Amino acid sequence: MDKVNKKSRERHNCCVPQCSAVKNEENHLHTVPKDPARRKAWAIAIKTGKVLTDTMQVCSRHFKSTDDFPTNGPNLKPKLKKNAVPSENLPVRSHDKINPSPIKRKNQARSDRAAKRSIWSNISADSAADSSTNSENEAPEGEQVDNNMEGVENEWRDVHQLEDLQPRDRIKFAEIGVQTEKKLKSATGLHSVQLLDSLTKCADEIAPDNPCKKLHLTTKNRIVLTMMKIKLSISFSSLAVLFDLNVQTCCNYFYDMVTILSKILKCMIFWPNKEQVLMNMRKCFRGFGKTRVILDCYEIPVGKPKCIACRVKTYSHYKKGHTAKISMNITPSGLISLCSAAFGGRASDKVITKHTGIYDMCDPGDGIMVDKGYHIEEECENNMLVLIRPLFLRTNKKFSRAEAVQCAKIARARVHVERVIQRVRCFNILKNRIPWNLVPFIDDLVIIVSALVNLGNPSIARDKY
């Protein structure tokens, strides 16, 4: 009796997702193969998302007729061939991409074009019919009609003038919005119109326009387009609408101009000599007169790469995401003196600092101010440099009064590097997530933004020196 009840409770269902077939005379169930290779092939084919067990079965609806050996009787269960894999009526997931054949894509595009032509032909036919009916219904009293039409023509005269404008004339209207320095800085991050004119002149000298190549924008407008992308981080499709361009053309202008602007503005990031640093020392650095440079790193979020190796290199455990890490070196006066190349978010501050060559640029006895994340004691000792860093608590329960005051002084002096980084992040392209196709231009973008920060107002008031 127990065997009968156990047999009656057996499940005779198919294990393939989205399949509700049960065992009957026409539909047979086939047990999952025991061979690991064949079982893996079955699991991939039926998309169960879990490991197949010995009790799972797949119905015959998922196999071709050629996958079975011929049987002697109609009611006998067919036996599968050794290389049989489920290939019919497989489940379809929402994220599976169905790529149509080239012939289907061609036919679909052709039908879409025909539908658009029919729509426009109907619109033109309706407008012609309306004009004909309006001409037939004209009033016989010509004087009253003429008086009424004069007002209508005056109202629509401006509209006809705007319709006759060429694309280059419409761009001139966009230039009007950035003529004042306040609007120019809000839209592009450039501090003055003179700076824009100087960049235009330098760009024409470095990379003159090719006369054989048709350009829809002048050099000045291309700089404005590039800086709007850097400052506002708006999409290329939006820029294409604003400048009346194709999206791909807008992208090409950005890629070319970013490289040119980086070459022009790179001279604004320079390493000052020791006398210049001492002459512009701030009051908060009075206890740290040997300070030559302040180091800090900041991370820029980037899109998730497709390459597994790139994912490993760019993943930051601190930010819990994929980032690019850049080291920024500033002088005690708040001037950005050096920017490193972009590293993956996995790189440590110690590795990035060594790659910048900051130890060779400093003189023996100079001070380097860092936070607690920099473990560069050996490097500073080998190069005879003074490491200025907040103290660690370690085994002590609390700091002494002198140690607490020392940590507060270092924090008060080192906070200015955070203010400079905050100014860099005012350019939204380095604040928001950068798409992966723009990652090769990160070094150029950092140079442009850092140079514009140096050209702006000083981060410290003059009475603080």
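What you see is a predicted model; the values in this text were computed from it and never measured. Each residue takes its place number in the sequence, starting with 1. Computed over heavy atoms, backbone and side chain alike; hydrogens, waters and symmetry mates excluded.
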Side-chain donor-acceptor pair present, Glu378, Asn382, cut-off under 3.5 Å: no

Evaluate side-chain contact (heavy atoms from CB on, under 4.5 Å) for Arg61 paired with Asn27, printing each intermediate quantity in order. CA-CA 7 Å; Arg61 293 183 180 180; Asn27 188 25; 3.9 Å; yes

Side chain of Arg433, backbone of Val302: donor and acceptor closer than 3.5 Å? yes

Taking Glu377 as the fixed residue, which of Arg389, Lys350, Lys372 is the one that meets the salt bridge (charged side-chain N to carboxylate O under 4.0 Å, His left out) rule? Arg389

Looking at Phe392 and His375, what are the two nearest heavy atoms and their distance? CZ-CE1, 4.3 Å

Is the ring centre of Phe243 less than 6.0 Å from the ring centre of His216? no

Which distance, rounded to the nearest 0.5 Å, do you find between the CD1 of Ile442 and the CG of Leu430? 8.0 Å

SB check Arg414 Asp296 (cutoff 4.0 Å): yes

With salt bridge (charged side-chain N to carboxylate O under 4.0 Å, His left out) as the criterion, how do Lys325 and Asp349 come out once you've worked through the C-alpha distance, each side chain's angles and the decisive distance to 0.1 Å? CA-CA 9 Å; Lys325 200 170 186 179; Asp349 298 341; 2.8 Å; yes

Expected output: side-chain Ser111 to main-chain Gln108 donor-acceptor under 3.5 Å: yes

If we count only N and O atoms by modelled type, under 3.5 Å, do the side chains of Asn428 and Ser233 hold a donor and an acceptor together? no

From Leu190 atom CG to Leu184 atom CG, the distance as rounded to the nearest 0.5 Å: 5.0 Å

Distance-minimising heavy-atom pair for Leu225 and Cys250: CD1-SG, 3.6 Å

With side-chain contact (heavy atoms from CB on, under 4.5 Å) as the test, would you mind laying out the steps for Phe254 and Ile230 before giving the verdict? CA-CA 10 Å; Phe254 177 79; Ile230 296 175; 4.1 Å; yes

Tell me whether Lys231 forms a cation-pi arrangement with Phe427, defined as NZ or CZ under 6.0 Å from the six-membered ring centre and within 45 degrees of its axis. yes

Flag the pair Lys229 / Phe236 as yes when at least one side-chain heavy-atom distance between them is below 4.5 Å, and no otherwise. yes

Set of residues satisfying salt bridge (charged side-chain N to carboxylate O under 4.0 Å, His left out) with respect to Glu88, sequence neighbours excluded: none

Are Arg222 and Asp256 close enough for a salt bridge, meaning some N to O gap below 4.0 Å? no

With a 4.5 Å heavy-atom cut-off, do Ile368 and Ile294 have their side chains touching? no

With rounding to the nearest 0.5 Å, note down the distance linking CG in Leu261 to NZ in Lys266. 14.0 Å

Here the gap from Leu295 atom CG to Ile388 atom CD1, rounded to the nearest 0.5 Å, amounts to 10.5 Å

In this structure, CD1 of Ile260 is separated from CD1 of Ile223 (nearest 0.5 Å) by 8.0 Å

Does Glu418 offer a backbone N or O that forms a donor-acceptor pair with the side chain of Arg423 under 3.5 Å? no

Using the side-chain contact (heavy atoms from CB on, under 4.5 Å) rule, take Tyr253 and Leu245 through it: C-alpha gap first, then chi angles, then the decisive distance, then the call. CA-CA 10 Å; Tyr253 287 164; Leu245 296 173; 3.9 Å; yes

Heavy atoms only: give me the nearest Ala45-Pro86 pair and the separation to one decimal. CB-O, 3.4 Å

With a 3.5 Å cut-off and no angle check, do the side chains of Ser262 and Thr259 form a donor-acceptor pair? no

Considering residues, nucleotides and ligands other than Glu403, do more than 12 of their heavy atoms fall under 6.0 Å from its CD? yes

Just by distance, with hydrogens left out, do Thr249 and Asn252 show a side-chain donor and acceptor under 3.5 Å apart? no

Counting only N and O atoms by type, is there a donor-acceptor contact under 3.5 Å from the side chain of His355 to the main-chain atoms of Phe343? no

Would you check if the distance from the ring center of Trp42 to the ring center of Phe63 is below 6.0 Å? yes

Minimum-distance pair of heavy atoms, taken over all atoms of His30 and Cys59: CD2-C, 4.4 Å

Arg311 vs His322 side-chain heavy atoms within contact, under 4.5 Å: yes

Shortest non-hydrogen separation from Pro301 to Thr323 and the atoms involved: CA-CG2, 4.0 Å

Heavy-atom distance under 4.5 Å between the side chains of Ser327 and Cys339, does that happen here? no

Considering only heavy atoms from C-beta outward, does the side chain of Phe441 approach that of Ile448 to under 4.5 Å? no

Between Met328 and Ser450, what is the shortest heavy-atom contact and its length? CE-OG, 4.3 Å

Check this for me: Arg39, atom CZ, are more than 12 non-hydrogen atoms of other residues, nucleotides or ligands nearer than 6.0 Å? yes

Sub-4.5 Å side-chain heavy-atom contact between Val293 and Ile358: yes

Could you grab the distance from atom CG of Asn13 to atom CG of Leu29, nearest 0.5 Å is fine? 8.0 Å

Going by atom types only, do Asp204 and Thr219 share a side-chain donor-acceptor pair under 3.5 Å? yes

Taking the side chain as every heavy atom from C-beta outward, state whether Asp67 and Lys81 have any atom pair closer than 4.5 Å. no

Starting from the C-alpha separation in whole Å, work towards a yes-or-no answer on side-chain contact (heavy atoms from CB on, under 4.5 Å) for Arg346 and Val312. CA-CA 8 Å; Arg346 189 184 179 186; Val312 174; 3.1 Å; yes

Taking the side chain as C-beta and beyond, is there a heavy-atom pair between Asp68 and Leu80 under 4.5 Å? yes

Between Ser337 and Asn329, is there a donor-acceptor pair closer than 3.5 Å when you use the side chain of the first and the backbone of the second? yes

